[in-house]
Amino acid sequence: MKIGIISDIHGNAEALQAVLKELKNVDKIVCLGDIVGYGADPVFCIEKIRELEIPCLKGNHEAAVTGELDLGYFNEDARLSALWTRKQLKEHILAYLSGLNRRITICQDVLGVHGSPRQPLWEYILDEQTAEEIFSYFDFQIYFVGHSHIAGYFTFHRKNKVVQYVSASRGAEVVIKRDHSYIINCGSVGQPRDRNSQASFAIFDTEQLIVHIIRIDYPIARAQDKINRANLPGFLAERLSMGI
Ligand code: ZN
């Protein structure tokens, strides 16, 4: 079976459509949260996810627009975009976002979460130390995560306890070894921050035991134009072409 893993769409309809086109032949798709926030098309993106019956986790941006998280934790641009996003969403859509789960079992020993298994909404797994703590505490073969918008993966040799990090800012092919565990960040569909502006996503081939992290072009200028026309903070448009 081939499973598409997407995360951090952030209201970017152009990036989402480009990624879904690449995923049209997979058996299922899972979304790790942050459908909304930053971008100008939150409603389109939520409706697309629901129409395709893609199981989706709650990200910190969903928790922000539904009022579960205090916007005081957000920086100015994130806060302004959360307030703007909330205004675009009707009650039934807010109810859908409120009801999203924080964890998902993708298949046996393969799990998904937005941030980290310890703190699904908030924690970033950015360094080997954090990854090692998670590898030591939780039992799994693969944990798919999003949240940092930085594509890459940590490997953990279960016998000698060595943790290594590999960047996937230009894509990657991860061959899953039985004696290793993995934390794999599929990167962000709609707002990559690893200095590559291309949309990021992953495909997990459960028979071959390979995860491909893939980067593709999408019409960035169109997404930027919509952000500017919506009077969202200008930096939210600028950063898309810089990949930051
Ligand atoms: Zn995000």
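As the structure lists them, so they are numbered: ligands from 1, and atoms in each ligand from 1. Treat the numbers as computed from the prediction; the structure is a model and nothing was measured.
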Peer 1: Restricting to side chain to side chain contact (heavy atoms under 4.5 Å, CB included), what partner residues turn up for S167, sequence neighbours left out?
Peer 2: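 Only Y165, S169 meet the side chain to side chain contact (heavy atoms under 4.5 Å, CB included) criterion with S167.
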
Peer 1: Around the Zn ion (ligand 1), how many protein N, O or S atoms are there at under 2.8 Å?
Peer 2: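 N, O or S atoms of the protein closer than 2.8 Å: 4.
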
Peer 1: R195: which residues meet the side-chain hydrogen bond (donor to acceptor under 3.5 Å, both in side chains) condition with it, sequence neighbours left out?
Peer 2: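 Checked R195 against side-chain hydrogen bond (donor to acceptor under 3.5 Å, both in side chains); zero matches.
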
Peer 1: Would you call the rings of F74 and H61 parallel, tilted or perpendicular, taking 30° and 60° as the class edges?
Peer 2: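 F74 vs H61 ring planes: perpendicular.
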
Peer 1: Compile the donor-acceptor pairs under 3.5 Å between side chains in residues 232-244 and protein atoms, sequence neighbours left out, one pair per line.
Peer 2:
unit_1	atom_1	unit_2	atom_2	d
R239	NE	I244	O	2.7
R239	NH2	I244	O	3.4
S241	OG	Q224	NE2	3.0
S241	OG	E238	O	3.2

Peer 1: So, applying side chain to side chain contact (heavy atoms under 4.5 Å, CB included) with L121, which one of H147, R102, E62 is it?
Peer 2: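 Only one of H147, R102, E62 forms a side chain to side chain contact (heavy atoms under 4.5 Å, CB included) with L121, namely R102.
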
Peer 1: Between K48 and D41, does any side-chain N to carboxylate O distance fall below 4.0 Å?
Peer 2: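 Salt bridge absent between K48 and D41.
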
